Amino acid sequence: MERTFLKVHGSGNTFYLYNSNNENEFDWPSLTKWLCLKDNDGGADGLLLVLPSTIADAKMRVINADGSEASMCGNGLRTVARFVCEKLGKYEAIIETMKANLHVRNEASIFGTIPTYAVEISPVSFELNSLPMKYKNQTVIRHQIIEEFSPTIKFTAVSVPNPHLIGIVDAQYIEDASHQQQLSEFLNSENEFCMDGVNVSYVYPMKNDTIFVRTFERGVGFTNACGTAMTASALVSKLNGLVDTDLITVYNPGGFVKCEVKQNNGEYQLTLIGNATVTAEYTIEINDNQYKILNRKDTEEQKQYEKCIELVKKETSSFSA
Ligand SMILES: N[C@@H](CCC[C@H](N)C(=O)O)C(=O)O
């Protein structure tokens, strides 16, 4: 049978997006692993499923490139927000995700006229149990040196609700990714700290309202960007006085986003704002776990996005390859 998929990205974090009325229509892990093969028309970082919901406007499921399922995806949610809002002819919607129903809305463009969406990132918890993570008999790790990971980098563990380990680093750790790669590979293989793996981000504070974030994603590896990681990194930067504004610009290897960090009655209110770009429409043949790309029709959207990348390269050229 032939099915239509969109190739989409948020800050260069690239996904196939598939709309289905049947949650069990295909073997999602097998399909995702195939779609994400780099030799397969460039691959992708995962598959986003848009499904019917009885409690919201739509439901999103996120399958990582290795076939594992994630509870949330911030960059992916922006593209799902666009798909659902355009389909329903609305400017805002509620999307059901594994652990929360999240508000999404169309937003003024962050660069030129590129389609831009703002999405709620919630719930937030610093409890190690929520990741899950274990470290000695601690219940939280907040801006703390963990000798087993590094003698100098301060780490924070936070779930939003997918699990993140955020390290605040000097420019040298951005220029050379080897420390982050080694630590991430260790924490995403069998280990005593992060039983289900973890997304590992290194954050370089650039200005009082700007940070740079690079993420090694659980189930994927280094990606151009991770939306939940950038939002969690903005929160950690704000809580530790590395930035002093509510609206933080977050550069990443694939572009930039804005993260709004607010606190109300002790609750964190986090919003991720950025592009929701559709690069192509694919026709794919699927027969008993056998897949074949039959056709690809490119959109014009990536051309404008390239200009955004040029700006980011200029701003980050002193420390980022
Ligand atoms: N890229 C995503 C996060 C995708 C899931 C992550 N790899 C996990 O396993 O938690 C984002 O933009 O948030």
Side-chain angles (χ1 to χ4, degrees), residues 7-17 28-29 32-33 35-36 43-50 60-83 95 97-100 102 104 116-125 130-133 157-166 180-181 184-185 187-189 191 194-203 213-236 250-259 270-277:
K7 202 159 199 185
V8 297
H9 75 79
S11 269
N13 193 190
T14 302
F15 305 93
Y16 282 92
L17 183 153
W28 305 124
T32 308
K33 284 188 214 166
L35 287 169
C36 294
D45 300 321
L47 171 66
L48 302 166
L49 297 172
V50 183
M60 174 182 82
R61 283 180 63 189
V62 184
I63 317 295
N64 284 321
D66 71 354
S68 60
E69 183 157 359
S71 55
M72 235 308 263
C73 175
N75 290 327
L77 182 59
R78 297 202 308 277
T79 64
V80 168
R82 176 178 171 185
F83 181 84
I95 309 290
T97 64
M98 193 190 280
K99 295 194 179 161
L102 300 171
V104 302
T116 298
Y117 279 78
V119 301
E120 180 186 357
I121 303 291
S122 174
V124 180
S125 173
S130 71
L131 277 86
M133 184 169 179
V158 58
S159 67
V160 292
N162 56 343
H164 293 274
L165 184 71
I166 314 280
Q180 185 179 5
Q181 177 155 2
S184 307
E185 283 171 356
L187 292 174
N188 284 287
S189 54
N191 71 95
C194 299
M195 301 66 87
D196 295 348
V198 69
N199 301 290
V200 180
S201 296
Y202 277 16
V203 178
V213 179
R214 183 182 55 217
T215 305
F216 185 105
E217 281 194 43
R218 171 179 71 165
V220 190
F222 280 116
T223 56
N224 280 325
C226 173
T228 44
M230 292 188 285
T231 315
S233 300
L235 171 65
V236 169
V250 184
Y251 286 110
N252 55 68
F256 77 95
V257 296
K258 303 250 178 205
C259 295
L270 307 181
T271 307
L272 169 67
I273 305 158
N275 74 299
T277 300

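What you are looking at is a predicted structure, and each value in this text was computed from that prediction instead of being measured. Ligands are counted one by one from 1 in listed order, and the atoms in each one are counted from 1 as well.
Every residue two or more places apart in sequence or in another chain that forms a ring-ring contact (aromatic ring centres under 6.0 Å, His included) with Y16 is listed here: Y282. Partners of H9 according to the ring-ring contact (aromatic ring centres under 6.0 Å, His included) rule, which considers only residues two or more places apart in sequence or in another chain, are Y305. Every residue two or more places apart in sequence or in another chain that forms a ring-ring contact (aromatic ring centres under 6.0 Å, His included) with F216 is listed here: F222.
Side-chain contact, S11 with N252: a donor N or O sits under 3.5 Å from an acceptor N or O. Looking at S184 and N188, their side chains never bring a donor and an acceptor atom within 3.5 Å of each other. Under 3.5 Å, the side chains of H164 and S201 contain no donor-acceptor pair of N or O atoms.
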Between ligand 1 and the protein, which N/O pairs are shorter than 3.5 Å?
from     : atom 1 : to   : atom 2 : distance (Å)
ligand 1 : 1 (N)  : N13  : OD1    : 2.7
ligand 1 : 1 (N)  : E217 : OE1    : 3.0
ligand 1 : 1 (N)  : E217 : OE2    : 2.9
ligand 1 : 7 (N)  : N64  : OD1    : 3.1
ligand 1 : 7 (N)  : N199 : OD1    : 3.3
ligand 1 : 7 (N)  : E217 : OE1    : 2.8
ligand 1 : 7 (N)  : R218 : O      : 3.0
ligand 1 : 9 (O)  : N64  : ND2    : 2.9
ligand 1 : 9 (O)  : R218 : NE     : 2.8
ligand 1 : 9 (O)  : R218 : NH2    : 3.2
ligand 1 : 10 (O) : N162 : ND2    : 3.0
ligand 1 : 10 (O) : N199 : ND2    : 2.9
ligand 1 : 10 (O) : R218 : NH2    : 3.1
ligand 1 : 12 (O) : N13  : OD1    : 3.3
ligand 1 : 12 (O) : G74  : N      : 3.3
ligand 1 : 12 (O) : N75  : N      : 3.0
ligand 1 : 12 (O) : N75  : ND2    : 3.4
ligand 1 : 12 (O) : G227 : N      : 2.6
ligand 1 : 13 (O) : G74  : N      : 2.8
ligand 1 : 13 (O) : G227 : N      : 3.4
ligand 1 : 13 (O) : T228 : N      : 2.9
ligand 1 : 13 (O) : T228 : OG1    : 2.6

